[in-house]
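Hydrogens, waters and symmetry mates are skipped; everything else that's a heavy atom, side chains included, is used. First the proteins, then the strands, lettered A, B, ... as listed; each starts at 1.
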Amino acid sequence: GAVVSQHPSWVICKSGTSVKIECRSLDFQATTMFWYRQFPKQSLMLMATSNEGSKATYEQGVEKDKFLINHASLTLSTLTVTSAHPEDSSFYICSASLSAYEQYFGPGTRLTVT
Amino acid sequence: DAKTTQPNSMESNEEEPVHLPCNHSTISGTDYIHWYRQLPSQGPEYVIHGLTSNVNNRMASLAIAEDRKSSTLILHRATLRDAAVYYCILRAGRSSGAGSYQLTFGKGTKLSVIP
């Protein structure tokens, strides 16, 4: 099956710093990628939809200036958490669509802000 | 978005079949029924999807009620590796660009497999 990777798999950063998370589709081209956030014992919450070559579409309540998304190529999307705070600590998961019927998820990135 | 209702948790004995139910009484005629599962500390994994007819693949079977208001994911022989949270998701079938690709996750069913 199609493979989506994320890097890093976990990161610890200090409050006020920025962190970049990469999401790559390894063996297919993805016009659309999605970013989710998952707090402990909760479900995945969609943060934004990322389309190659255009601006991301953010879900209601997600600050676009805080969570910067760049989808520069058909195989790479990045999420930058700017000026991170402890409440941003979470499990961030990306996914890439091979088609409307198939969406493949990355393994997730655990962010801890101290 | 049409919502789904699943039991919070279920238990199964190893090597026994498991039937995971999902209610989606407000499903529209063009909504697809998708199932994903998430193992601990991992991203979700696609399991199966269907529209009207029952579907089988190497992982599971999907039984869809005739009125499409409910469906059941069937794992034919549960293994310890099947312990996960299983999500039943409705996806819009209409052509609406990236929107038709969006998946809205509910709370899912946490499946425990007993050795």
Rounded to the nearest 0.5 Å, how far does NZ of Lys107(B) lie from NZ of Lys41(A)? 13.5 Å

Closest heavy-atom pair, Gln103(A) versus Tyr46(B), reported as atoms and distance to 0.1 Å, is O-CB, 4.5 Å

With a 4.5 angstrom heavy-atom cut-off, is it the side chain or the backbone of Leu44(A) that approaches chain B, or both, or neither? both

Counting heavy atoms not belonging to His7(A), are there more than 12 under 6.0 Å from its NE2? no

ILVMFWY cluster, Leu73(B) and Met10(B) together (side-chain gap under 4.5 Å): yes

Taking atom CG of Asn8(B) as the centre, does the number of heavy atoms from other residues, nucleotides or ligands within less than 6.0 Å exceed 12? no

I'd like to know whether CD of Glu66(B) has more than 12 heavy-atom contacts from other residues, nucleotides or ligands below 6.0 angstrom. no

Within 6.0 Å of CE in Met59(B), more than 12 heavy atoms from elsewhere: yes

About how many Å separate CG of Leu103(B) and OH of Tyr36(A), when rounded to the nearest 0.5 Å? 4.5 Å

Take atom NZ of Lys110(B) as the centre, draw a 6.0 Å sphere, and report whether it contains more than 12 heavy atoms from other residues, nucleotides or ligands. no

Counting only heavy atoms closer than 4.5 Å, note whether Gln38(A) contacts chain B via side chain, backbone, both or neither. side chain

Please round to the nearest 0.5 Å and tell me the distance separating atom OG1 of Thr49(A) and atom CD of Gln102(B). 4.0 Å

Between Gln38(B) and Phe91(A) the two heavy atoms that sit nearest each other are NE2-CE2, 4.3 Å

Would a line drawn from the ring center of Phe105(B) to the ring center of Phe105(A) be shorter than 6.0 Å? yes

